[in-house]
Every structure is written in structure tokens, then in C-alpha cells.
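Throughout, residue positions are numbered sequentially from 1 according to the sequence presented.
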Amino acid sequence: MFGSPFDSPFIIPVVAIICWAFVAITKAKHGVGRHGWRHDPSNIETPPMFRKMFEKEMSDRDSEIQQLRERVEVLEKIVTDGHKSSSLADEIERLRDKA
């Protein structure tokens with residue numbers, strides 16, 4: 001008389017409602033808001049590998065900036081010292097050897 005419970009046309013909506021309820025309860029249990037975890041800045045964490053790569057790149061950038069500042073100081077010194085052109089070449093070579 002009665003067939004299998006899986007033959008019922010209501011099985012799909014019932015399973016869908018149960019799954020939705022499970023997801024809603026799990027989200028509420030873990031404190032995830034209506035818009036999900038991506039919209040909460042406190043849930044964003046940079047992996048340690050990327051943090052180390054970023055710190056290395058920043059360190060490389062800072063050292064390159066320091067080198068460029070030193071070169072600019074040398075160039076300013078060359079331009080403002082008022083040397084003759086023959087001694088200017090000697091001064092450039094001396095400063096290159098120094099660096």
C-alpha cells in the first residue's frame with residue numbers, strides 16, 4: 001500500500017529545508033553574520049608565508065631607497081663642490097671606489 005519514503009514528491013524540499021537549517025545553525029554557532037565571514041575584517045588573516053615575503057620585499061625596498069639616497073648625496077656633493085672638469089672625473093672615480 002505504502003511505497004518507499006523516497007518515492008514521495010516532498011523529499012527534495014524536506015531535505016533542502018533540513019540542509020538550510022543545519023547551515024544556519026552552524027553559522028550562528030560560530031558567529032558568522034548574515035553576509036558571511038569575508039565581510040568581517042577580523043576574519044582576514046595573512047598567511048605567514050605571505051607576511052614573510054612582504055617583509056622581505058619591504059626590507060629590500062628600504063635598502064634600495066637608502067642606496068639611492070647615498071648616491072644622490074654623492075651627486076649633490078660633486079655638483080656643488082665647484083671642481084674643475086679634470087678633477088671632477090678623478091672625484092667621481094674616488095667616490096665610486098669608496099662605495
Task: Note, E57 side chain near M53 side chain (heavy atom, < 4.5 Å) - done: no
Quick one: pull up [atom1] in [X] and [atom2] in [Y] and give me the separation to the nearest 0.5 Å.
| X | Y | atom1 | atom2 | result |
| --- | --- | --- | --- | --- |
| E76 | R69 | CD | CZ | 12.0 Å |
| F10 | I17 | CZ | CD1 | 11.0 Å |
| I65 | M58 | CD1 | CE | 8.0 Å |

Open item on the list: Does I12 have more than 12 heavy atoms from other residues, nucleotides or ligands lying within 6.0 Å of its CD1?
Closed with: no
Open item on the list: So for atom CZ, which belongs to R71, do other residues, nucleotides or ligands contribute more than 12 heavy atoms lying within a distance under 6.0 Å?
Closed with: no
TODO: For T26 and F22, indicate whether the former's side chain and the latter's backbone hold a donor-acceptor pair under 3.5 Å.
DONE: yes
Task: Lys/Arg N to Asp/Glu carboxylate O, E64 vs R61, below 4.0 Å - done: no
